[in-house]
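Just so you know, residue 1 is the first one in the sequence shown, and it goes up from there.
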Amino acid sequence: MVQQTVCPTEQNVGITAVFGRAATRDGAKILLAKAQHVGFQNLSIQQLGCHVFAVVLPTLESLAQGAALRKEAGSVGFHLALACRSLPVAGGLNAVFGHRRTRRQAARLLAEVRRVGFQSARLQEDRCNDWEVDVTGLQTSTERRDFQREAKSVGLTVTYEPG
């Protein structure tokens, strides 16, 4: 069973270029200085978890812009990653009905999930090209166990992931 986390996250909605990660804010400051030294501007540090700090350039316009930036960063030794989110990080655990590579595929799954009674299910992109159908707000292990049992009774599988 997944433990619920209380670690803060500052990850934003949208497409973000991640220049690197460190276990401490001081480690991220070193990465930030290196990226600025080779010309990258408008970078910031975001806390992504208990011991994860990332140097990021938030609010890219598109994955194509991210790919171009990745190529540029690679030419000076940075292995840029892209992070995508369509909704803010809510914390806690989400009941996840499944992941799909496209929004259209996930929308079909959402329709199926709602058709069998899970009206509070929603669609979100939690990583680039990874759309999920989930439900939030299940606070206790008893609620999560009952929810999982209900989903199974209509032929659906639910897993729990950090929200």
Side-chain angles (χ1 to χ4, degrees), residues 1-29 31-32 43-63 66-67 70 79-163:
M1 179 186 235
V2 177
Q3 291 286 340
Q4 187 169 355
T5 180
V6 294
C7 299
T9 183
E10 300 167 340
Q11 186 176 0
N12 295 323
V13 171
I15 304 170
T16 302
V18 180
F19 281 77
R21 298 171 191 257
T24 65
R25 190 169 293 277
D26 286 341
K29 287 178 182 177
L31 288 171
L32 176 67
L43 303 175
S44 61
I45 296 173
Q46 288 182 351
Q47 186 170 1
L48 302 182
C50 290
H51 303 286
V52 182
F53 297 85
V55 175
V56 302
L57 178 61
T59 63
L60 298 180
E61 295 296 320
S62 66
L63 288 175
R70 180 184 290 144
H79 301 286
L80 192 75
L82 298 177
C84 302
R85 284 203 68 84
S86 61
L87 298 171
V89 175
L93 293 176
N94 289 351
V96 178
F97 289 98
H99 292 265
R100 300 294 186 267
R101 290 196 47 77
T102 69
R103 182 181 181 93
R104 174 181 261 163
Q105 292 169 339
R108 284 194 292 266
L109 175 59
L110 177 62
E112 176 186 339
V113 167
R114 286 185 174 166
R115 182 182 55 77
V116 295
F118 295 95
Q119 298 305 311
S120 63
R122 66 185 188 158
L123 182 67
Q124 77 161 319
E125 184 178 32
D126 65 351
R127 287 188 303 268
C128 297
N129 299 313
D130 180 18
W131 292 85
E132 74 179 33
V133 174
D134 64 20
V135 170
T136 63
L138 302 169
Q139 300 297 318
T140 68
S141 59
T142 301
E143 287 176 318
R144 291 187 291 272
R145 193 171 35 254
D146 290 347
F147 188 87
Q148 199 164 28
R149 192 175 302 121
E150 183 182 353
K152 187 175 182 178
S153 76
V154 293
L156 297 174
T157 302
V158 171
T159 60
Y160 290 95
E161 299 176 10

More than 12 foreign heavy atoms under 6.0 Å from CZ of R21: is that the case here?
-> no
**Q.** CA sep, side-chain torsions, deciding dist, call: R122, V133, side-chain contact (heavy atoms from CB on, under 4.5 Å)
**A.** CA-CA 6 Å; R122 66 185 188 158; V133 174; over 6 Å; no
Next item on the list: Side-chain contact test, heavy atoms from C-beta onward, threshold under 4.5 Å: evaluate it for D126 versus W131 and give yes or no.
Entry: no
Does the pair V89 and R85 meet the rule for a side-chain contact (heavy atoms from CB on, under 4.5 Å), with working shown? CA-CA 8 Å; V89 175; R85 284 203 68 84; 3.4 Å; yes
Note: A22 and A28 closest approach over all heavy atoms is CB-N, 3.4 Å
For R144 and Q139 the tightest heavy-atom approach is NH1-O, 3.0 Å
What one should report as the nearest heavy-atom pair of L87 and Q124 is CD1-CB, 3.5 Å
Donor-acceptor pair, Q119 side chain versus R114 backbone, under 3.5 Å? yes
The reported gap from SG in C84 to CG in N12 (rounded to nearest 0.5 angstrom) is 12.5 Å
Could you walk me through whether K29 and I45 pass side-chain contact (heavy atoms from CB on, under 4.5 Å), step by step? CA-CA 8 Å; K29 287 178 182 177; I45 296 173; 3.7 Å; yes
inquiry  = I'd like to check V52 versus Q47 (side-chain heavy atoms, cut-off strictly below 4.5 Å). Are they in contact?
reply    = no
**Message:** Determine whether N94 and E132 satisfy the following criterion, side-chain contact (heavy atoms from CB on, under 4.5 Å), listing intermediate values before the conclusion.
**Reply:** CA-CA 10 Å; N94 289 351; E132 74 179 33; 3.9 Å; yes
Exercise for review: Answer yes or no: is there a side-chain heavy-atom contact under 4.5 Å between L63 and N129?
Suggested key: yes
Problem - Test item: F97 and T157 side chains (from C-beta on) under 4.5 Å apart, heavy atoms - result: no
* Taking C-beta and beyond as the side chain, do V113 and L156 meet within less than 4.5 Å on heavy atoms? -> yes
Can you check whether L82 reaches R70 side chain to side chain, under 4.5 Å on heavy atoms? yes
Tell me whether D130 is salt-bridged to R101, with the criterion being a basic N under 4.0 Å from an acidic carboxylate O. no
Between the CZ atom in R25 and the CD atom in Q46, the distance rounded to the nearest 0.5 Å is 10.0 Å
- Query: Would you find a donor on one side and an acceptor on the other, under 3.5 Å apart, between the side chain of E150 and the backbone of D146?
  - Reply: no
Minimum side-chain heavy-atom gap T16-Q11 below 4.5 Å
no
Test item: Y160 and V96 side chains (from C-beta on) under 4.5 Å apart, heavy atoms:
no
Test item: side-chain donor near acceptor, E161 and H99, under 3.5 Å: yes
Given the options L57, V55, L80, V56, V18 meets side chain to side chain contact (heavy atoms under 4.5 Å, CB included) only with V56
### Query
Can any side-chain N or O of Q148 pair as donor or acceptor with the backbone N or O of R145 at less than 3.5 Å?
no
